[in-house]
Amino acid sequence: MSATETATTTPTPPSDHGFTVKRRRRWPWIAGGAVVVLAIVAAIVLPRLGGDRSPNLVAGATLTVATAEGNAAEQSLVDFVATNVAPKYGLHLAFKGLSDSNTINRAVSDGEIAGTVYQHKLWLGQVLQANPDFKEEAATPVFRWGFGLWSSKYSSIDQLPDGANISLYSDPANEAQGLWLLERGGLITLKPGVNKADATIDDIAANPKHVHFTLLDFAAQSRSLDDLDGAVGYTEYYLAAGIDIAKQIYAPAAPDDFAGQLTIGSTYKNADNIKKLVAAFKDPAVQEFLRTDPSVKGVLLPLDQK
C-alpha cells in the first residue's frame with residue numbers, strides 16, 4: 001500500500017447497479033500491502049542457523065515465526081505459543097516483525113523463518129500467483145480477525161442513508177470479505193452462483209440503498225472514516241489509529257475462508273520441527289488464549305466464534 005497514492009473516480013454507466021466506485025491507483029498487493037518484488041530482499045532476509053541449512057531442519061534450533069512489524073496482537077499470540085505451548089512439543093520459538101510482506105513470504109518459502117500467521121488462504125493464493133517461485137502453503141487455521149463496519153456518523157447498519165458512501169479495502173480478497181459482510185447485513189445482494197470469496201463490486205446484483213463504494217488501502221481507510229458514511233475493515237487497524245471500538249457498528253464473525261492461517265514453507269512441511277510447529281498452533285491452549293486474553297480481545301478471535 002502507498003500513502004502517496006491518489007484517488008481516481010470511475011464513472012458509473014447506466015447499466016451498473018446503482019453505485020459509483022472511487023478507485024485508487026495501486027500496486028498489486030499482498031496481505032494488506034503492495035506486491036513489490038524487491039531485488040535487495042530477494043538476496044537474503046534473515047541469517048540462517050548452521051550456515052546455509054534452514055533452522056527448520058536443525059534439531060534444537062530456535063524457529064522464527066514472523067508477522068507484519070508493529071502488529072501487537074499477532075505478536076502477543078506468537079509470544080504466548082513460544083512461552084506456554086512450544087516447550088510441550090520440544091520447540092524453541094521466537095517472534096520476528098518484518099516490515100515488508102513480500103519479505104515475510106520469501107523468508108518462509110526459503111526456510112529462513114519457520115512460518116507466519118498474518119494471512120488467510122485468499123491472501124496466500126494471491127501471493128503465490130504474484131510470486132510463482134514461492135513455495136508456501138496454509139498448514140492450519142489459527143484465528144479469525146475482528147472485521148466489521150465502522151462509522152463516525154451512524155450507530156447501526158440500519159441507519160445508513162440512501163446513497164451512503166462506504167469504503168472497502170482496495171485489495172481483491174478483502175474487497176470480497178467486505179462485500180460478504182454488507183450482504184450479510186442486508187445492504188446488497190451478490191449475483192447467484194458467485195464465489196463470495198472472490199466477489200468484486202461488479203458481482204453485485206442488487207443495491208437497494210444505492211451505496212457508493214470507495215476503495216482505499218488499509219491505512220487510508222481508517223484515516224478517512226470521518227469523511228465516509230461507513231467503512232468495512234479490520235479491528236486492529238482502527239484501534240491502532242485510536243478509533244473507539246464503539247464506532248464498529250456491525251461485526252459478524254468472518255467465514256472460514258478468511259481465517260488466519262499458519263503458513264509454512266512447502267519444502268519443509270515434513271520436517272520434524274515444522275510438524276511440531278503445526279501441532280503447537282493446533283493446541284487447545286491457543287484457542288483458550290484467544291478467548292480470554294485482553295491483549296488480543298476484539299482483534300484476534302477464536303475459531304469457534306461464529
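Take S167 and apply the side-chain hydrogen bond (donor to acceptor under 3.5 Å, both in side chains) test, not counting sequence neighbours, and it matches Q221. Residues satisfying the side-chain contact (heavy atoms from CB on, under 4.5 Å) criterion with A259, sequence neighbours excluded, are P141, Q261, L303. By the side-chain hydrogen bond (donor to acceptor under 3.5 Å, both in side chains) test, Q248 is found to be paired with T235, residues two or more places apart in sequence or in another chain being considered. By the side-chain hydrogen bond (donor to acceptor under 3.5 Å, both in side chains) test, Q129 is found to be paired with no residue, residues two or more places apart in sequence or in another chain being considered. D272 pairs by the side-chain hydrogen bond (donor to acceptor under 3.5 Å, both in side chains) definition with nothing, not counting sequence neighbours. Scanning for salt bridge (Lys or Arg N to Asp or Glu O under 4.0 Å) contacts around D283 gives K88, with sequence neighbours left out.
For residues 149-179, the set of pairs meeting the ring pair (Phe, Tyr, Trp, His ring centres under 6.0 Å) definition, not counting sequence neighbours, comprises W150-Y238, Y169-F218, Y169-Y234. Judged as a salt bridge (charged side-chain N to carboxylate O under 4.0 Å, His left out), the pairs with a partner in residues 121-134 (not counting sequence neighbours) are, in order, R106-D133. Within the structure, ring pair (Phe, Tyr, Trp, His ring centres under 6.0 Å) contacts touching residues 278-300 (residues at least two apart or in different chains) are F80-F289. Residue pairs meeting the salt bridge (charged side-chain N to carboxylate O under 4.0 Å, His left out) criterion with at least one partner in residues 148-159, sequence neighbours excluded, are K153-D229. Listed by first then second residue, pairs satisfying ring pair (Phe, Tyr, Trp, His ring centres under 6.0 Å) with a partner in residues 83-108 number zero, not counting sequence neighbours. Sorted by first and then second residue, the salt bridge (charged side-chain N to carboxylate O under 4.0 Å, His left out) pairs involving residues 60-83 (not counting sequence neighbours) form an empty list.
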